[in-house]
Every structure is written in structure tokens, then in C-alpha cells.
Amino acid sequence: MSQLPVVVIGSGLAGYTVVRELRRLDSAVPITLLSADHGGFYSKPMLSNALATGKTPDSILSTSSEQMSGQLGITVQPYTRVDTLDVAANNVYFENGTQLTYSRLVLALGADPIRLPIPGNGADDILSINDLDDYRRFRESLENKRHVAILGAGLIGCEFANDLVAKGYQVSIFDLSPQPLGRLLPSEAGHFFREKLSAAGVKFLLGTTVEKISKENGYYHLYYKGGGVVQADMVLSAIGLKPRTDLAVAAGIQINRGIVVDRYLQSSIQNIYALGDCAEVAGRVLPFILPISHAGRALAATIAGNPTLLRYPAMPVMVKTPACPAVISPPDPGAEGEWKIKTVENGMKALYQDEAGNLHGFALLGTATNERNALVALLPPVLA
Amino acid sequence: MTTESNQDYYRYMCMICGFIYDEAEGWPQDGIPAGTRWEDVPMNWTCPECGARKEDFEMVKM
């Protein structure tokens, strides 16, 4: 009787981390990985500094789906889009009508870039980048362009802005917040970060929003609140991610912002799990590398028969902006305390401490990033 | 102290996030002095940027 496979939907870091770890723990269990795209393995963080590091979309795709299936002894089905789930019969139905029965199902669906409804005939051309195929389109359309407008001065927007100016492109970056990395940094640190990137050539338009994008003679005119206009020859949107939950909703699986899972990454349906950008664990959606690595390892152990509670230590976020490298561990929203800012030689150290002096978060900019290891050790775990 | 200056130092890239470990520079923040060969980097050392294990690194040829 052939054993039913563990089926994983999604070939991003989350999907491949679970599959690699599960295979390490169990060399026999059949595993099938379903991918809507090429199904190869690549590092998404490498996309936002690929220009400066001289990488091309092809060189970023480090391992093809064939190589991954060979190395791991798994079945990989690229260009395979799932249509619906039958959670009662443990079946996955594909768009071509065929089906696959699973023993356990892992939803590693990722997230979609949030798209703001912006009026104007140029809005349809807005690009966003959340996977290698998006990035390939971005690089192809970057040919013979000079000025890129970016919507959103968060982590991804700032990394792309820095990567572009480092290669001589003009960059204008918009955000509603009065500072870049608005949600991650206290204002003094946001100001410091902005100055460094401005010095590198990034033009910030903050505390405003783009109200219309019209396309005239091959250029995009971005009309922004406050009456100004910026002319660019490409528009990139990086304003955040929305977890992909449609497949779960249609199958009656509980969602909130993401697919709701418990500390074992189990969804509201007993043998269906979720992790990564599409999942919500303990009320949080953490679309970052470290949380995904921890979740992937815990889930693989659980599926291999050793139920393992997900734990998150402190997990600082690395912002790869060479003009002002940053390592940030935002305090828990509920944490009592205040920011204490210290300027150092070509850097800034911001510590979030309570009255007793306990550390709850930090933001290290420039040279201060070398204090990371010492400070991480003092932080409380994100999920004990 | 055997000097290996004639032999080149190699670089290893984390396949998860792209962080580069350069043998010539080591990683002093984690107590790994410059010139430390990849095989001499402690087994439990993890990628400073994403926590990946040593096995997730590959030698960079360029």
C-alpha cells in the first residue's frame, strides 16, 4: 500500500525549509511539493541588492526544481496551480481537473503585494516584486530607464532604492509616514537613516501620497498630495504584503489576517498546517527569513512524528542598505518603555528600555550595527 | 605558525539570504578571527543574517 505523500503547496523559502528539514528527519516519507511557478530554489532577500552584487535573475536561481527533487528525493510539480481543497477527503484538486490525495498538507502559499487603487492611465503599469518572476520583469523593464519612482519607503522599498542609486539610477520614493522604515524605527533613527540614503542620492517624498499616475509620451507623471508632480520612467510599488488566504477560505479553514495556526503550525483542520508569509501564528504575520526558518524546522519535526512547539527567540531584521546598514528588533507593541537614542561615530544606537532598564527592542544604524550580538542576547524571546 | 599567504582565501555564500563569509576577513563579531578557514569555523556557527546552518552555505567561485 503506497504511503500517502506529505503535500506542500508553495516553493518559497517556507515550503523548501519544511521539505528539506522533513527529509533530513525522515528519509522515507513521500513528499510532493507543488509550485505555481518554476519551482526552483532561490534566495528572495538577494533580489533587493542584486544590482550592486552583480547578480542576474538567472544567476539568482541557484537550484532548479529538477535538481531539488533529485537532491531531496521528492516530487516537485512546477507550473501547477491548485484549484480547490477537499479537506474531508484529503484531496487537492488542480486546475486541469486531476487530484492528489495527501496524508498531511502544508500551506506555504506566501503573500501578494498590496496594490493601492491609484487613478490615472499609468497606474496599470505599476510593478511590484515578490518573487523571481516579478524580478525578471523588473530587470527587463529597467533597460534604458533612468528614473524609478518607488511607492513605499519600508524595508523592501528602501533596499531597492539604495540598490538602484548605487547603480546610477535616479530614485524618488514616496511614503505616507514622515520617515522611512516608519514602523520599525523611532523618529530620530528614521531621520538619521533618511539623511544617509539621501546623501547616497535617494529623493524622499514623505508625509504624502500619490493621488494620480498619468502616462504621457512614455513618462509617468506622479501627482502627489501637496500639489507636486514627479516624472519617472518606471513605477515600483512596495507598500506591503497581504497573506494569500483564498484557498483556505474556500476550504472552510479559519483565517484572520493570515491562515490561523496554533503553536504547532496546525490550522483549524487537523492534518492541515501553514507557515511563512501566508500564516498567522499567535496573532502575528512575520514575513521574514528568521521566523520562517524556525517555523519550518518546528513543523518538519512535528510532521516527522515529534510534535514540536514553535518558539521564536529575538529575531532582529537586517536592512541591507549599504548607505546605512541597519539591524532592527522592534519592541513588542505591548511593551512598556521608551527609546533612548545615542549617536556614535557614523552611526546611531536606539534602545527601547523599561523603567527597570530591561531591553525590549533596538535599532542599530551604520557603525552601531556591530553591537548586534551583544544586544540580541539581552532581548526577550518573541515567542517563548 | 604556518603561513598560507600564498594560498588564496575562499568565500562562502549563504544560499538562504546571500550573506558572504570571507575566509580572509573571518567574522570577528562571533569571535572568528580573520583567516579562519571555512572548515575551521565552528559547526554550530550560524549565518549572522538569517540563522542558516553551515550546510546551507556554498563556496562562491567568482
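To find a chain, count down the sequence lines: A is the first, B the second, and so on, and within it residues start at 1.
When heavy atoms are compared at a cutoff of 4.5 Å, B:P48 approaches chain A by way of both its backbone and its side chain. Using a 4.5 Å cut-off between heavy atoms, A:F41 contacts chain B through its side chain alone, with no backbone atom that close. Of the two parts of B:C14, only the backbone, made up of N, CA, C and O, holds a non-hydrogen atom closer than 4.5 Å to a non-hydrogen atom of chain A.
Residues A:E371 and B:Q29 form no side-chain contact, since every pair of their non-hydrogen atoms from C-beta on lies 4.5 Å or further apart. Within the 4.5 Å cutoff, no side-chain heavy atoms of A:P45 are placed close to those of B:E49.
When all heavy atoms of B:G18 and A:S43 are compared, the pair lying nearest together is N-OG, 4.1 Å.
No more than 12 heavy atoms of other residues, nucleotides or ligands shown are found within 6.0 angstrom of CD on B:E58. More than 12 heavy atoms of other residues, nucleotides or ligands sit less than 6.0 Å from atom CD of B:E55.
Once rounded to the nearest 0.5 Å, the distance linking NZ of A:K44 with CD1 of B:I16 reads 13.0 Å. How far CZ of A:R24 is from CZ of B:R53: 4.0 Å, rounded to the nearest 0.5 Å. In this structure, the separation between SG on B:C50 and CG on A:L13 is 8.0 Å, given to the nearest 0.5 Å. Between the CD1 atom in A:I289 and the CZ atom in B:F19 there is a gap of 14.5 Å [rounded to 0.5 Å].
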